[in-house]
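These numbers were taken from a predicted model, which means no experiment stands behind them. In what follows, chains are A, B, ... by sequence order, proteins preceding strands, each numbered from 1.
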Amino acid sequence: MEKIIEIVLSGLSMGSIYSLLALGFVLIFKSTGVLNFAQGEFAMVGAFICYTFASLMKLPYLVAFPIAIVLGAVLGVVIYALFLRRMIGESIFSTIMLTVGLASILTSTAGLIWGHDVYLLASPFTNKVVSIRGIILSQGALYTILVSLILFIVFLRFFNHSLLGISMKGTAEDTDTAGLMGINVRMIHMIAWAIGGIVAALAGMFLAEQSFVRLEMSHVGIKAMAAAILGGMDSIAGAVLGGVIVGIVESFASSYLSGLEFANFHTGDIKEVAAFAVMILVLMIRPQGIFGKEKVERV
Amino acid sequence: MLTVTNLEITYNDIILALKGISLRVPKGRIVALLGANGAGKSTTIRTISGIRKTLDLKIEDGQVEFDGQVINDLEPHEIVAIGLMQVPEGRRIFAELTVEENLIIGSYSLSDRRKFVQNLERAFTYFPILKARRDQMAGYLSGGEQQMLAIARALMADPKLVMLDEPSLGLAPLVVQEIFEIISRINQDEGVGILLVEQNATAALSIAHHGYIIETGRIMLEGTSEALKENRDIREFYLGLTEVGAKKSFRDVKHYKRRKRWLS
Ligand SMILES: Nc1ncnc2c1ncn2[C@@H]1O[C@H](COP(=O)(O)OP(=O)(O)OP(=O)(O)O)[C@@H](O)[C@H]1O
Ligand SMILES: [Mg+2]
């Protein structure tokens, strides 16, 4: 029993990271119609920024953390203003190619600045565990789950109860009409990219708690994308749920299926494909994703 | 007051949709803009609303002026901010949001947020059905209710002037009558000016003070509602009240009766 709970909790902590990234992914897509393939790279840059301030400049983690969040937002806004503002309304393929290009530029720039090694983020939770009734969990994982949970509640309230959040949903549904309601559509797009940058920076810093800071962190982006598609690419709740499912499935797969040998067949690191296997399975049953709505027809 | 002078509009730099239109909506009045399909009615109010980029619409000549300010180059949200609201063709409510969320978005430009509750109550007084449907997804409303929501949403911003693009579109005559009566009441009670774009001339002239007839991008005729209702051409083309027409429909009725008798 303890083992199961440990697996679920560790799945939840990875799942929170996927959820955060998936949330940014869905938000940007719904608001601006851009599939941001650089979401994982945003996370990697966020982790490196935190590492720079916390580990290299030896600032307290509590200072480095908000700096990384703010710079994450700035990164999102700058990328939007420089490259994607003009692309609104263009074909989805050209915007995909643009973000794929940006992703590789971000990776090589980060490589130039920080190098290709593996670094440790100095945080108050490094190498510490909590143990409750025989269940052992790293403090970093617990911290990830708790902070993410608070964030998701804040986001849900923002999108369902605040004027700006509701207006963002409206803009996502019908940009022209949003303009006719007095909404500055370009500002809404910018805010969506800022939030996308913030959640990515958070995901990057949380991921650094689980392992190290390095360029390859950005690979988390593609799994978050699978999570977003699994959740339906439509709602915050869907993205969060998709992320949690991917995290937990991965966690079980790595505990029970990794490294097994059947006859001469070695399952290897099955964890890496679990996310996609689940995504494909779900899409075969529900092509619009778990939470994806079929469009409401206009009367 | 809204003043449009000599407006010339192209789409995609080639299609000349408006060929020099002039019209005026005095403060607190209802002005009807009547015309057939493709006459340029929607183009006129899209231009006034500042929707240019997404439609590739360009002002080649002329001027749009509101309360003494030339608004040719303003963005849609800036035009809303000075008190001009549009209820677009086909209603364009936010189908995936609730009725209340639609109204909240309508209030986006209200700078004094304390007025929100007051305006929401006012919207519910004019359209009680929306209060009952408040938490429902707007996409599931009937066509008439969606039109009511679109009008209520525009009202949330405390506009000085509302432009309605074919509010009667696709609605049953009784619903049209109900909605037009409410539009007239809003105009009288709130002093909101109305530019009413319509194909349904009968309904529009029943509440408008003044009217313009637009045909292929030009204003052909203008006058008070009374004058327009008496005008021979209008009676013939827009109100369907010609002698020939009357006779024809009379014959149709007789024919129908005969057939029915034969069948029974
Ligand atoms: N987005 C567009 N791109 C190109 N041409 C357009 C566009 N919208 C309208 N037009 C053209 O401009 C002219 C006027 O159209 P408009 O939509 O203003 O007519 P309307 O009077 O509103 O007609 P309806 O009653 O059918 O709504 C038409 O010839 C139409 O083909
Ligand atoms: Mg039209």
Checklist entry - How far does CD of A:Glu173 sit from CD1 of B:Ile93, to the nearest 0.5 angstrom? => result 7.5 Å
Checklist entry - Which one of B:Lys53, B:Gln86, B:Glu75 has the most heavy-atom pairs closer than 4.5 Å to chain A? => result B:Gln86
Checklist outcome for this item: In terms of heavy-atom contacts, B:Tyr108 and A:Gly182 come closest through CD2-O, 3.4 Å
Next on the checklist: Quick check on A:Arg157: does its CZ atom have over 12 non-hydrogen neighbours (other residues, nucleotides or ligands) under 6.0 Å away?
Outcome noted: no
Checklist entry - Take atom CZ in B:Arg122; do more than 12 heavy atoms of anything else shown fall under 6.0 Å from it? => result yes
Checklist outcome for this item: Closest non-hydrogen atoms of A:Leu180 and B:Val80, given as atom of the first, atom of the second and distance, are O-CG2, 3.2 Å
Item to check | Between OG1 on residue A:Thr177 and CD1 on residue B:Ile51, distance to nearest 0.5 Å | outcome: 7.5 Å
Next on the checklist: Tell me whether the count of non-hydrogen atoms from other residues, nucleotides or ligands lying under 6.0 Å of CZ in B:Arg52 goes above 12.
Outcome noted: yes
Checklist entry - Distance from A:Ile166 atom CD1 to B:Phe94 atom CZ, nearest 0.5 Å? => result 11.5 Å
Checklist outcome for this item: Honestly, the part of A:Met187 sitting under 4.5 Å from a heavy atom of chain B is side chain
Item to check | Side-chain touch A:Met181/B:Met85, heavy atoms, less than 4.5 angstrom | outcome: yes
Checklist entry - Looking at A:Leu163 and B:Ser107, what are the two nearest heavy atoms and their distance? => result CD1-OG, 4.3 Å
Checklist entry - Checking salt bridge (Lys or Arg N to Asp or Glu O under 4.0 Å) for the pair B:Glu101/A:Lys169: CA distance, chi angles, key distance, verdict? => result CA-CA 10 Å; B:Glu101 285 176 325; A:Lys169 286 197 291 188; 2.8 Å; yes
Checklist entry - Just wondering, more than 12 heavy atoms not from B:Arg114 lying within 6.0 Å of its CZ? => result no
Checklist entry - Who wins among A:Leu164, A:Asn184, A:Val185 for the most heavy-atom pairs under 4.5 Å with chain B? => result A:Asn184
Checklist entry - Taking atom CD1 of A:Ile183 and atom OG of B:Ser109, what is their separation to the nearest 0.5 Å? => result 9.5 Å
Next on the checklist: Please find the pair of heavy atoms, one from B:Thr54 and one from A:Asp176, that lie closest to each other, and give the distance.
Outcome noted: OG1-OD1, 3.0 Å
Item to check | Residues A:Lys30, B:Glu96; criterion salt bridge (Lys or Arg N to Asp or Glu O under 4.0 Å); working and verdict | outcome: CA-CA 13 Å; A:Lys30 284 266 287 179; B:Glu96 291 168 20; 3.7 Å; yes
